[in-house]
Amino acid sequence: MITFGLFPGGVQNAVTFSYDDGQRTGDERLMALFRKYGLKGTFHLNNWLYPASSKEEIRQRYEGFEISAHGKEHHSLTILPACSIMEEMLENRTLLESIARRPVIGMSYANARFSPEVMDLLRHLGFVYGRTTLNTHDFNLPQDFMAWHPTCHHRTGLTDGKKFMDAIDGYFAAPRLLYVWGHSHELKTEEQWADMEQLCAMVANHPKVWYATNMEIYEYVTAQRNLVIAADQSFAYNPSRVDVWVVKDRQPHCIPAGEVHYF
Ligand SMILES: [Zn+2]
């Protein structure tokens, strides 16, 4: 029996962070914390960063992190006509791609507003994931990445992070993701920053955890779901560009990108 129980390196746990609105001083301080602890994450940006800073400045500011979309002017997409959603998201994507110099096809929903109709339109515009603000307080991967519900806001990060780390040595039927979201501008006091650093320190540098951006997790899980498995499960073909790990008869196997792996 083949199961999708593993992240890269054969680990069962992953941690990602997701921050909205692109507030400069807060994001810079938060990224310094993430860099200090070797954590990865994603920053969902609107168009108002530019031209306040040059494209080169913005690109360097977010170096090492994923730049993702959050709407040109931070509108609630559910109250816009389709043509306005297209302007809001495509002009945001166009600017961010000219800054990041790579595809920007992830997003988070401004003002937490999303619907099946919005999700469908975003798919047509090329987006592959949309983060909501519906905290699950669990560690499950989404079935539909256009409605990607996070584990928690950072205000409960210490509680949910502790629950995640306390069980880290277990063996799990499904891989676990701790997904923390927030806004750096919500970190107003030194006490709040100290809690944020405590969360970072708590989850950092663990050999059983994969630290990844939102997009890296999307790409990996999608590659895993797109594996072509032989009918008798004797081999698997990985048509993606990332190595994928699976469990076969309780043993971990790596199926390299673009290759057929015989178990
Ligand atoms: Zn926002």
Side-chain angles (χ1 to χ4, degrees), residues 16-31 33-34 39-53 55 57-59 61-62 65-81 84-100 104-119 121-123 125-136 142 145-157 160 179-189 192-193 195-196 199 213-215 217-218:
T16 195
F17 291 85
S18 187
Y19 277 77
D20 293 352
D21 297 353
Q23 200 255 345
R24 180 176 177 168
T25 51
D27 279 6
E28 285 179 339
R29 185 168 176 182
L30 189 58
M31 284 186 286
L33 259 189
F34 290 159
L39 302 171
K40 302 287 281 297
T42 296
F43 289 83
H44 307 275
L45 308 178
N46 311 104
N47 282 35
W48 49 55
L49 281 82
Y50 177 80
S53 300
K55 291 181 181 178
E57 284 169 341
I58 299 168
R59 196 172 67 79
R61 187 181 308 159
Y62 290 96
F65 298 92
E66 179 197 352
I67 289 177
S68 178
H70 195 46
K72 175 187 169 189
E73 295 175 350
H74 205 278
H75 287 290
S76 299
L77 299 181
T78 48
I79 58 168
L80 298 182
S84 300
I85 295 175
M86 290 163 71
E87 177 186 336
E88 170 78 357
M89 296 313 300
L90 284 183
E91 290 193 13
N92 186 214
R93 193 178 149 193
T94 300
L95 174 69
L96 295 177
E97 287 180 341
S98 74
I99 291 169
V104 175
I105 51 175
M107 58 89 65
S108 65
Y109 296 101
N111 307 317
R113 299 301 168 89
F114 70 102
S115 68
E117 292 76 17
V118 165
M119 290 160 59
L121 182 49
L122 292 177
R123 281 190 193 95
L125 299 181
F127 288 93
V128 296
Y129 77 73
R131 199 216 70 230
T132 76
T133 58
L134 300 177
N135 304 316
T136 62
F145 275 93
M146 287 311 300
W148 194 353
H149 308 311
T151 304
C152 64
H153 185 275
H154 67 233
R155 74 173 70 89
T156 65
D160 290 290
Y179 187 155
V180 181
W181 76 280
H183 306 87
S184 65
H185 56 76
E186 293 172 296
L187 295 162
K188 291 187 171 74
T189 67
Q192 288 169 326
W193 278 105
D195 284 350
M196 192 71 212
L199 170 62
T213 66
N214 296 186
M215 181 55 74
I217 289 165
Y218 165 82

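Atoms within a ligand are numbered from 1 in the order they appear, just like the ligands themselves.
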Around the Zn ion (ligand 1), what protein N, O or S atoms are found below 2.8 Å? D21 OD1, H70 NE2, H74 NE2
Who pairs with E87 by salt bridge (Lys or Arg N to Asp or Glu O under 4.0 Å), at least two apart in sequence or on another chain? K72
Hydrogens and angles aside, do R29 and S184 bring a side-chain donor and acceptor to less than 3.5 Å of each other? no
If we ignore angles and hydrogens, is there a donor and acceptor under 3.5 Å between the side chains of N214 and W148? no
Centroid-centroid distance, H154 to F17, less than 6.0 Å: no
Measure from the ring center of Y129 to the ring center of F145 and say whether it is less than 6.0 Å. no
Can you tell me if H70 and Y109 form a side-chain donor-acceptor pair at under 3.5 Å? no
